[in-house]
Amino acid sequence: MSKVIDNAAALLAEHLRDGMTLAVGGFGLSGIPRDLIEAVRDSGVTGLIVVSNNMGVDGKGLGVLLENRQVAKVLASYVGENKLFAQQYLDGELEVEFNPQGTLAERLRAGGAGIPAFYTRTGVGTLVAEGKPHAEFDGETYVQERGIVADVALVHAHTGDTDGNLVYRYTARNFNPIVATAGKVTVAEVEHLVEVGEIHPDHIVTPGVYVQHVAQYSGAPKDIEQRTVRPRPAGRSAQQNGDQA
């Protein structure tokens, strides 16, 4: 049965509810599921607990959910590009749970793998570890971190087939593969939608078993968080110069 959906907004309206946990792929503005984030914004759902490496920038990416006052809590590792995020936090409107970046990635991976908790040395002796169980292994102290399972996970992929198998491109791969595994319901937007069998099995990064729904990306222009101004050498293409995918 094809997992392709024609109307992501209508689908998300069935799954979204106030106060739910939403995991979102991407890093800054690279590899974010832009169409799906906008569908969440348009749904009007509030009190969201958002799990993402960061919250985009002001007015872009997950920043649009902050502007709409739809987020109650954020689990992230970095939020330095968003002034509204900082203001809402300082004003007491927004609860923030900071995670070391590797810990956040492992919490998502663990949740997707059915692992309820794990121990790590990262954060021991800091505010990150306060109130969490500790244990000693081989003479070292470790802190317990819980796996994350989201009610809904949203990801962006370069190529996906009708069975939900996904392939990512360059740095847009970032958090998307682990977020895809960590959702009870995972929705993927893909730039290139192909039939089953058109993706070589060795190239699949996220198997379709983790993905419940696939939507065609609108093709909206991709925003760039930080632009460089170095002149491009004559005769070199944009791809050769490593422009953002």
Just verifying a value: how many Å separate E97 CD and L75 CG, rounded to the nearest 0.5 Å?
4.0 Å
Would a distance-only check, ignoring hydrogens and angles, find a side-chain to backbone donor-acceptor pair under 3.5 Å from Q216 to E191?
yes
For E67, does its backbone N or O pair with a side-chain atom of R41 as donor and acceptor, under 3.5 Å?
no
Nearest heavy-atom approach of N82 to G63 is ND2-CA, 3.8 Å
With respect to V71, which candidate in L22, V50, L62 satisfies the side-chain contact (heavy atoms from CB on, under 4.5 Å) definition?
V50
Quick one: closest heavy-atom pair of A153 and V179, and the distance?
CB-O, 3.3 Å
Between the side chains of Q144 and Y119, is a donor N or O closer than 3.5 angstrom to an acceptor N or O?
yes
Please answer: with hydrophobic residues joined when any side-chain heavy atoms are less than 4.5 Å apart, are V40 and V190 in the same cluster?
no
Angle between ring planes, H213 versus H15, binned at 30° and 60°: parallel, tilted or perpendicular?
tilted
Atom OH of residue position Y210 - does it have more than 12 heavy atoms of other residues, nucleotides or ligands inside 6.0 Å?
no
Rounded to the nearest 0.5 Å, what separation is found between the CZ atom of F27 and the CZ atom of F175?
7.0 Å
Using side-chain heavy atoms (C-beta onward) and a distance below 4.5 Å, is F85 in contact with M55?
yes
Please round to the nearest 0.5 Å and tell me the distance separating atom CG of L16 and atom CG of L48.
7.5 Å
Over 12 foreign heavy atoms within 6.0 Å of CZ, F118:
yes
In this structure, would V79 and I37 fall into the same cluster of hydrophobic residues linked by side-chain contacts under 4.5 Å?
yes
Would you call V167 and H158 a side-chain contact if the rule is heavy atoms closer than 4.5 Å?
no
N-O pairing of D58 and K83 below 4.0 Å
no
Looking at every non-hydrogen atom in both residues, tell me the closest pair between S218 and D35 and how far apart they are.
N-OD2, 2.7 Å
Should V64 and L29 be regarded as members of a common hydrophobic cluster, given that ILVMFWY residues are connected when their side-chain heavy atoms come within less than 4.5 Å of each other, either directly or indirectly?
yes
Should the pair K60-E81 be classified as a salt bridge under the 4.0 Å nitrogen-to-oxygen rule?
no
Quick one: closest heavy-atom pair of A188 and V211, and the distance?
CB-CG1, 4.1 Å
Spell out, as yes or no, whether a donor-acceptor pair under 3.5 Å connects the side chain of E189 to the backbone of A157.
no
Rounded to the nearest 0.5 Å, what's the gap from CG on L84 to CG on L94? Could you check?
9.0 Å
Separation of K222 NZ from S30 OG (nearest 0.5 Å)
8.0 Å
S77 side chain to N99 side chain, donor-acceptor N/O pair below 3.5 angstrom:
no
CZ of R69: more than 12 outside heavy atoms within 6.0 angstrom?
yes
Taking all non-hydrogen atoms of both residues, which atom of G25 and which atom of P33 are closest, and how far apart?
O-CD, 3.4 Å
Under the side-chain contact (heavy atoms from CB on, under 4.5 Å) rule, what do L166 and V205 come out as? Steps first, then yes or no, please.
CA-CA 6 Å; L166 305 178; V205 178; 6.0 Å; no
N54 (side chain) donor-acceptor with Y78 (main chain) under 3.5 angstrom
no
same_hphob_cluster(Y89, V57) at 4.5 Å side-chain heavy-atom cutoff:
yes
Side-chain contact test, heavy atoms from C-beta onward, threshold under 4.5 Å: evaluate it for H192 versus E198 and give yes or no.
no
Answer yes or no: is there a donor N or O on one side and an acceptor on the other, between the side chain of N165 and the main chain of P207, under 3.5 Å?
no
Carboxylate-amine/guanidinium contact K3 D161, below 4.0 Å
no
Note: with side-chain heavy atoms under 4.5 Å as the link, the other cluster members for L127 come out as none
Counting N and O atoms only, with roles assigned by atom type, does the side chain of T186 sit under 3.5 Å from a partner on the main chain of A180, one being a donor and the other an acceptor?
yes
Main-chain N/O of G47 paired to D18 side chain as donor or acceptor, under 3.5 Å
no
Quick check on the hydrophobic clustering: are I49 and V155 connected, directly or via other members, by side-chain heavy-atom contacts under 4.5 Å?
yes
In a check of side chain to side chain donor-acceptor pair (under 3.5 Å) between Y168 and each of N176, T206, T159, N174, which one passes?
T206
What's the separation between atom CZ in R107 and atom CD1 in I115, rounded to the nearest 0.5 Å?
13.5 Å
Measuring only between side-chain heavy atoms, which start at C-beta, is Q88 closer than 4.5 Å to L66?
yes
Quick one: are L154 and I32 in side-chain contact, heavy atoms under 4.5 Å?
no
For N68 and Q70, indicate whether the former's side chain and the latter's backbone hold a donor-acceptor pair under 3.5 Å.
no
Worked verdict on R121 versus V143 for side-chain contact (heavy atoms from CB on, under 4.5 Å):
CA-CA 6 Å; R121 289 179 61 189; V143 60; over 6 Å; no
Just so I know, are the side chains of L36 and H156 near enough to count as touching, which here means a heavy-atom distance under 4.5 Å?
no
Do the non-hydrogen side-chain atoms of I178 and E106 ever get within less than 4.5 Å of each other?
no
Shortest non-hydrogen separation from G123 to A129 and the atoms involved:
O-CB, 3.3 Å
Report, as yes or no, whether the 6.0 Å neighbourhood of atom CD on E195 holds more than 12 heavy atoms from other residues, nucleotides or ligands.
no
Would you say that V152 contacts M20 through its side chain, given a criterion of any heavy-atom pair below 4.5 Å between the two side chains?
yes
